[in-house]
Amino acid sequence: MRIAGYRIPLFASLIVWAIIWEVTGRLGATLVMPPLSAVVARMIEIVPTPTFLAALWITGRTFLTGVLIAVVIGVPMGVIMARSVIMDRLLLPWVNLFLSAPLTALVPVIMVLFGFGETTIILTVVLFAIWIIVLNARAGVHAISPSLVDMAASFGATHWQAFRHIYVWAALPEILSGVRLGVIRAVKGVVIGQLLVSVVGFGRLFELYSSRFLMEHFWALLFVLFAFAFAINEGLAWLERKVEYYAASRS
Amino acid sequence: MSTVSNLKPTAEPAPAPMVSVRGISKIYPGGVEALSNIDLDFPEGELTSLLGPSGCGKTTLLKIIAGLLPATSGTVEVDGRPVTKPGPERAFVFQDFALMPWATVLRNVAFGLELRGMPKAEREAIAQTYIEVVGLQGFEHTYPHALSGGMRQRVGLARALAVDAKVLLMDEPFSAVDEQTRRKFQEDLLELVAKERKTFLFVTHSIEEAVYVSDRIVLLAPRPGRVTAIVEPDIPREAGLDRIRRDPVYLDTVEEIWHGLKRYLE
C-alpha cells in the first residue's frame, strides 16, 4: 500500500491500533482497558516472576504432552481408517462428531473422572487436537499413489513397515497441516482446560487477575498466550513449506 | 481361444515353466469379467509379453501373478509353489516407477533389501552394483524429482534387480518415457534378459515393443479377457540389435499380430 508516495509496511495497521488502544486507555474510558504501554510494562514485570514462570512451565508441559499424545494416537488412527473400510465405518462418524462438537462442554466430565489436576488439562488438549489430526492423516493416506502402496506390498513390506516407510512419509504434507491445525486447537484446549480447572497454571492466574480486577496483568497474560499460539503456528507453517517440495511429485 | 498360431514349430522341448497359471478368472465387484479362465505357462529364462488392447486384463493378470490382486478363481504357481501373496522370488517394475520421492536413488534401489532387514552397508553395496548395471552411477544421492522419466524407470528396474528375484514382472515399464529413451530401454532389456537368466513377464500395449523384446507373445482379447494366440517370433538377435527392426520376420510378425488384434477393436 502507498499513501502520498510513501510505501506503508504491512504491520503499519498494528501501529494504528496500538495508538488507538493507548489513547483509549489514557482517557480512562473503560476500566477493562488500561493503556497499552502500561500492559507492556506489566508484562515485562510479571513474566520473570516465579509464579508466572511456574504457570508457563505447567502450561507448556501439559500442552506438549497433550499434543504428543494426540499425534502418536491420531496419525496411526487416521492411517488405519484410510486403509481399513471397517475401521473407517466404525470410527469416522465419531471423529466427525467430535470435530464439530462444542468440546468445552465435555471438560467438566473429564474433570469429574480425572480430578482438578494436570491429567484433566492434558486430556482436554488431546480432546481438542486429535480429531483434525486423524482426519488429515486419513486424507493424506487416501492421496498416496496406489502404485507406491503396491510397491511396498510387492517387496514384502509388513503392515508396520508400510506404515513407517511409506504411509507416514507419503502423507507427510497432510499430516503436518493436520498437526498444525491440531496444535492451534490444542492451544484453545490448554487454555480452556486451565480456565475450567482454574487451580493450576495460567487458569489460576486468570482467575486471580480477573477476580481482583488486575486488568494490566490480565492483558499481559493474554499477550503472552497469543504470542505463544502465533509462534507455534508460524513455526509449523514454515515446516510445512519445507516438505511441500515433494508433495507435488507424489502421484 | 479363436486361433493359435505359432511361427516357430514346437519341435524343440519347451523349458520348464517358471510361472504357471491355471484357470485364472477375475470378476471385479460390479460384475466386470476382467479375465476368463486363463491357462498359461511362462518358461524359465525367457521374456514373455502379455499384449492386447486396453481392457484385455493384461495388467490384472500380472498383478494376480504378483500377488497384489486376488483372483476370483484359479491358481498361480511360481517355481513349483502355489502363491497368493507377493514373495521374494518375484519383483515388480511399475508403469509409474513407484519411487519414494523422499528417498535418494541409493535408498530407493536398496528398499526391497531394507524391507528384508539386510544391514545397511550390505544392501547399499548390492544397490550400488545394480545402479551401475542400469547406468546410473553418479546419481546415487540424487532424489527422484531431479531425474528424467527414463532415469526414474532405471531406478525402478535396479530396485527390482537388487532383490535377485527369479521372476521380473514388468507392467508397461516403458510407456511413460519418451520414444528415444524407450528404444534404448528395449535394447538394454534384451541384453539384460540374455545376461541375467531371469524369467521376465512383460506387459505392453505396443505390438512393435512386444515383437522386439519377446521370446513369446501372449495375445489377449478383451471382454472377457482371454488368450487368443501365442506367438513365438524367431528373430535372429546375433546379427546385432540394430538389425532386428529391419528383419523380415520382425516385420511379418508385427503385421500378423496387428491383423489378429484388429477385429477386437471397435
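- In this structure V83(B) satisfies the side chain to side chain contact (heavy atoms under 4.5 Å, CB included) test together with V76(B), V78(B), E89(B), R90(B), sequence neighbours excluded.
- One distance of note links CD1 of I192(A) with CG of L103(A); it measures 8.5 Å at 0.5 Å rounding.
- With chain B as partner, the option from Q161(A), M151(A), H165(A) having the largest number of non-hydrogen pairs under 4.5 angstrom is M151(A).
- Between D164(B) and the options K198(B), R116(B), R197(B), R159(B), a salt bridge (Lys or Arg N to Asp or Glu O under 4.0 Å) holds for only K198(B).
- If you measure heavy-atom distances from K85(B) to chain A, you find no contacts under 4.5 Å at all.
- For F94(B), the part lying under 4.5 angstrom from a heavy atom of chain A is the side chain only.
- In this view, W94(A) and L97(A), F98(A) satisfy the side chain to side chain contact (heavy atoms under 4.5 Å, CB included) rule, not counting sequence neighbours.
- Only the side chain of F111(B) comes within contact range of chain A, with at least one heavy atom under 4.5 Å from a heavy atom of that chain.
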